[in-house]
Amino acid sequence: MVGAAAGRTERLGVLHLTSATDDARVRRDMYALASLVAMLVVGHRDISDSYARLARVKPVNVAAEMQWTLMPPRTYADGRAVVSAVMEPAYEVSGDAYDYATADDVLHLSMFDAMGHDTAAGITANLAVGACRNQRRQGTPLPGLGNSIERVSWNSSDPAGT
């Protein structure tokens, strides 16, 4: 049996399993095993350099490394919404970023473009995402988020972000 290894809604890959019998119970058990393997991979990939090495086909630049570590998973779904994102070129992302979060019945979605594909653009995008999350979590309404991000970006030498 070949089963999809999925972490909630994110498709991770394919798991090939064999069994001497092929009935509904065996298929159900194999599906459960594929789901368990997917949960283990998803649960450990953020703290595993081994996963990053296996998933990459070529080296990632430093700015892209910062961005991929910063951003939430590329796919999210619950009973009310589905979010899916792609960043290209994946190995040189740097100045582009996205963020999303749910709070009660609201889905917050943010996209950032720090203009450039170097480490400075990556740092600027990281700062913008951090400022956005900080203000969003403090309950700042949407019109105020942009002003807060701009203020922090212009005053980035202020460690308190005020």
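Only a predicted model underlies this, so the values are computations on that prediction, with no experimental measurement involved. Sequential numbering from 1 along the given sequence is applied to the chain's residues.
Atoms CG and OG1, on L109 and T102 in that order, are 12.0 Å from each other to the nearest 0.5 Å. In this structure, OG on S110 lies 5.5 Å from CG on D99, to the nearest 0.5 angstrom. For the atom pair L107 CG and D78 CG, the distance stands at 8.0 Å (nearest 0.5 Å). Interatomic distance, L70 CG to R133 CZ, rounded to the nearest 0.5 Å: 5.0 Å.
Scanning all heavy atoms of the two residues, the minimum distance from C132 to I149 falls at CB-CD1, 3.6 Å. Considering all non-hydrogen atoms of both residues, Q67 and G122 come closest at OE1-O, 3.2 Å. Smallest separation of non-hydrogen atoms from Y91 and V57: OH-N, 3.1 Å. Counting all heavy atoms, side chain and backbone alike, A97 lies closest to M87 at N-CE, 3.6 Å. L15 and A34 make their closest contact through CD2-CA, 3.7 Å (heavy atoms, listed as atom of the first residue, atom of the second, distance).
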* To do: Could you go through the side chain to side chain contact (heavy atoms under 4.5 Å, CB included) check for Q135 and V152 one step at a time?
  => CA-CA 11 Å; Q135 292 300 298; V152 170; over 6 Å; no
* To do: Step by step, work out the side chain to side chain contact (heavy atoms under 4.5 Å, CB included) result for L33 and D29.
  => CA-CA 6 Å; L33 179 60; D29 290 347; over 6 Å; no
* Please assess I123 against M66 for the test side chain to side chain contact (heavy atoms under 4.5 Å, CB included), listing each intermediate value before the final yes or no. => CA-CA 8 Å; I123 291 169; M66 291 179 356; 3.7 Å; yes
* Between D113 and M115, does a side chain to side chain contact (heavy atoms under 4.5 Å, CB included) hold up when you go through it step by step? -> CA-CA 5 Å; D113 184 351; M115 305 259 310; 4.3 Å; yes
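Note on Y100 and M71: same hydrophobic cluster, where clusters join Ile, Leu, Val, Met, Phe, Trp and Tyr whose side-chain heavy atoms are under 4.5 Å apart, directly or indirectly. Hydrophobic cluster membership is shared by V37 and V26, with clusters built from Ile, Leu, Val, Met, Phe, Trp and Tyr side chains linked at under 4.5 angstrom.
Residues L145 and R136 are in side-chain contact: their nearest non-hydrogen atoms beyond the backbone lie under 4.5 Å apart. Annotation: side chain of D105 is in contact with side chain of R80 (closest heavy-atom distance under 4.5 Å).
Of the possible polar contacts, none joining the N134 side chain to the G130 backbone as a donor-acceptor pair under 3.5 Å is found. Proximity of a side-chain donor or acceptor of Y98 to a complementary backbone N or O of V86 within less than 3.5 Å is not detected. Judged by distance alone, with hydrogens and angles left aside, the side-chain atoms of D104 form no donor-acceptor pair with the main-chain N or O of V106 at under 3.5 Å. A donor-acceptor contact shorter than 3.5 Å is absent between the side chain of E65 and the backbone of V60.
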